[in-house]
Amino acid sequence: MLDMIPNEEKMTDLVGKSLYDIWNQLCAVIDENYDMDCLWSTGGKAWKYEYKYRRGGDLPQIIAFVFGEERVKFQIRVETCRKRQPSFL
């Protein structure tokens with residue numbers, strides 16, 4: 001989790017205006033169509049920031065954007081393992 005969420009100016013400086021605008025448009029579509037929790041965090045060694053959409057349930061789903069110098073990576077992951085019930089039930 002980040003102490004301070006980056007503002008529009010920091011994000012535009014990091015990835016550029018055109019990638020920032022595309023990211024905003026994708027977020028608007030996701031927000032309009034899905035009920036998901038959002039989380040900012042550090043991007044690890046190779047990236048500056050990570051922004052995740054997350055939804056739990058039987059098949060947890062994650063949509064993640066990671067940001068670096070003039071680049072953005074987009075990932076979608078759906079967990080394929082369901083919670084198992086004990087065999088005696």
Review point. Above 12 or not: heavy atoms from other molecules or residues under 6.0 Å from CD of Glu70?
Key: no
Check your understanding: Looking only at heavy atoms, which two atoms of Glu50 and Thr42 are closest? And how far apart?
Key -> CB-O, 3.8 Å
Review point. Just wondering, do Phe65 and Lys73 contact through their side chains at under 4.5 Å, heavy atoms?
Key: no
Practice item. Working to the nearest 0.5 Å, report the span between SG of Cys27 and CD1 of Ile22. Key: 12.0 Å
Revision key, fill the gap. Contacts of Tyr53 meeting side chain to side chain donor-acceptor pair (under 3.5 Å) (sequence neighbours excluded), chain-then-number -> Asp31
Review point. When clusters are formed by joining ILVMFWY residues with side-chain heavy atoms under 4.5 Å apart, either directly or through shared neighbours, do Trp40 and Ile62 land in the same one?
Key: no
Practice item. Would you name the heavy atoms of Arg71 and Ala46 that are closest together and state the gap between them? Key: NH2-O, 2.5 Å
**Study point:** Side chain proximity check, Ile30 to Ile63, heavy atoms < 4.5 angstrom
**Key:** yes
Identify every side-chain donor-acceptor pair in residues 7-14 under 3.5 Å, counting partners at least two apart or on other chains, and give the distances.
unit_1: Asn7; atom_1: OD1; unit_2: Glu9; atom_2: N; d: 3.2
unit_1: Asn7; atom_1: OD1; unit_2: Lys10; atom_2: N; d: 2.8
unit_1: Thr12; atom_1: OG1; unit_2: Glu8; atom_2: O; d: 2.8

Check your understanding: Same cluster or not: are Tyr20 and Val29 linked, directly or through other Ile, Leu, Val, Met, Phe, Trp or Tyr residues, by side-chain heavy atoms under 4.5 angstrom apart?
Key -> no
Check your understanding: Does a side-chain heavy-atom distance below 4.5 Å link Met36 with Arg55?
Key -> yes
Review point. What distance separates Lys52 NZ from Leu39 CG, expressed to the nearest 0.5 Å?
Key: 6.5 Å
Check your understanding: If you round to the nearest 0.5 Å, how far is CG of Asn33 from CG of Asp35?
Key -> 11.5 Å
Review point. Do Tyr51 and Trp23 have ring centres separated by under 6.0 Å?
Key: yes
**Study point:** Validation row, ring centre Tyr49 to ring centre Phe67 under 6.0 Å
**Key:** no
Check your understanding: Residues two or more places apart in sequence or in another chain: which of them pass ring-ring contact (aromatic ring centres under 6.0 Å, His included) with Tyr34?
Key -> none
